[in-house]
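What follows is a set of notes on a single structure, which appears directly below.
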Amino acid sequence: QVQLVESGGGLVQAGGSLKLSCAASGRAFSDWSMGWFRQAPGKESEFVASFSWNGISIKYAEFVKDRFTISRDNAKNTVYLQMISLKPEDTAVYYCAARWRGDVEIRTDYWGQGTQVTVSS
């Protein structure tokens with residue numbers, strides 16, 4: 001079992017930055033592929049970024065390329081999402097996700113509770 005706790009969300013003006021964190025506890029963090037998803041009001045959940053368990057694959061949704069950066073610190077059991085040049089359309093609840101040694105954007109084993117990001121125009 002893995003517990004995921006997100007933090008770092010908040011209210012920011014368009015063009016601003018935020019850094020989300022997701023702290024994981026439970027089984028060996030280095031065996032888990034980690035990802036971020038988001039869900040805006042009235043919309044379906046969508047993939048944002050992922051970082052594979054073995055460090056080989058880092059993926060981004062097209063709409064966040066060059067603005068968001070995913071990283072992980074296995075010593076701290078934490079995955080991050082650095083977001084810059086935020087736009088109002090980035091407003092959503094952001095969820096951390098984990099999958100054991102697999103592609104987290106395809107299937108997720110565990111979810112965090114989510115953290116709200118609101119970007120004002």
Side-chain angles (χ1 to χ4, degrees):
Q1 184 119 11
V2 172
Q3 292 80 42
L4 305 173
V5 179
E6 301 99 331
S7 61
L11 174 65
V12 64
Q13 289 188 333
S17 303
L18 281 174
K19 186 174 184 178
L20 306 183
S21 299
C22 173
S25 60
R27 295 169 62 183
F29 183 72
S30 59
D31 286 335
W32 293 86
S33 294
M34 302 299 296
W36 290 95
F37 291 74
R38 70 185 188 184
Q39 187 168 22
K43 296 186 177 181
E44 293 187 352
S45 175
E46 60 184 354
F47 167 76
V48 176
S50 65
F51 199 123
S52 66
W53 67 277
N54 53 14
I56 292 176
S57 176
I58 297 174
K59 300 177 183 177
Y60 294 97
E62 191 64 33
F63 55 80
V64 301
K65 279 186 177 180
D66 299 326
R67 297 192 300 123
F68 292 9
T69 303
I70 188 171
S71 61
R72 64 189 293 164
D73 185 337
N74 288 347
K76 296 182 178 180
N77 289 2
T78 302
V79 62
Y80 305 97
L81 186 67
Q82 176 69 57
M83 307 184 291
I84 66 171
S85 302
L86 284 162
K87 306 174 183 180
E89 51 264 42
D90 294 318
T91 294
V93 178
Y94 284 71
Y95 295 90
C96 179
R99 181 181 177 185
W100 191 78
R101 294 194 176 188
D103 293 329
V104 67
E105 66 273 17
I106 296 175
R107 194 196 80 198
T108 299
D109 296 327
Y110 295 99
W111 294 94
Q113 85 287 351
T115 185
Q116 177 71 47
V117 171
T118 303
V119 184
S120 62
S121 58

For the backbone of [Y] and the side chain of [X], can you confirm whether one donor and one acceptor N or O come within less than 3.5 Å of each other?
| X | Y | answer |
| --- | --- | --- |
| Asp73 | Ala75 | yes |
| Glu6 | Gln113 | yes |
| Asn77 | Phe29 | no |

Can you give each donor-acceptor pair under 3.5 Å made by side-chain atoms of residues 14-24, sequence neighbours left out, with the distance rounded to 0.1 Å?
none

Determine whether [X] and [Y] fall in the same hydrophobic cluster, where Ile, Leu, Val, Met, Phe, Trp and Tyr are linked whenever their side-chain heavy atoms lie under 4.5 Å apart.
| X | Y | result |
| --- | --- | --- |
| Val2 | Tyr80 | no |
| Ile84 | Val119 | no |
| Leu4 | Val48 | yes |
| Trp36 | Trp100 | yes |

Which of these passes side-chain hydrogen bond (donor to acceptor under 3.5 Å, both in side chains) with Arg38: Thr115, Thr91, Asp90?
-> Asp90

For the atom pair CG (Leu86) and CZ (Arg67), what is the distance rounded to the nearest 0.5 Å?
-> 6.5 Å

Listed partners of Asn54 passing side-chain hydrogen bond (donor to acceptor under 3.5 Å, both in side chains), at least two apart = Ser52

Scan for ring pair (Phe, Tyr, Trp, His ring centres under 6.0 Å) pairs involving residues 42-68, sequence neighbours excluded, and state none if there are none.
-> Phe37-Phe47

Is the closest side-chain heavy-atom distance between [X] and [Y] below 4.5 Å?
| X | Y | result |
| --- | --- | --- |
| Val79 | Leu81 | no |
| Val117 | Met83 | yes |
| Thr108 | Arg99 | no |

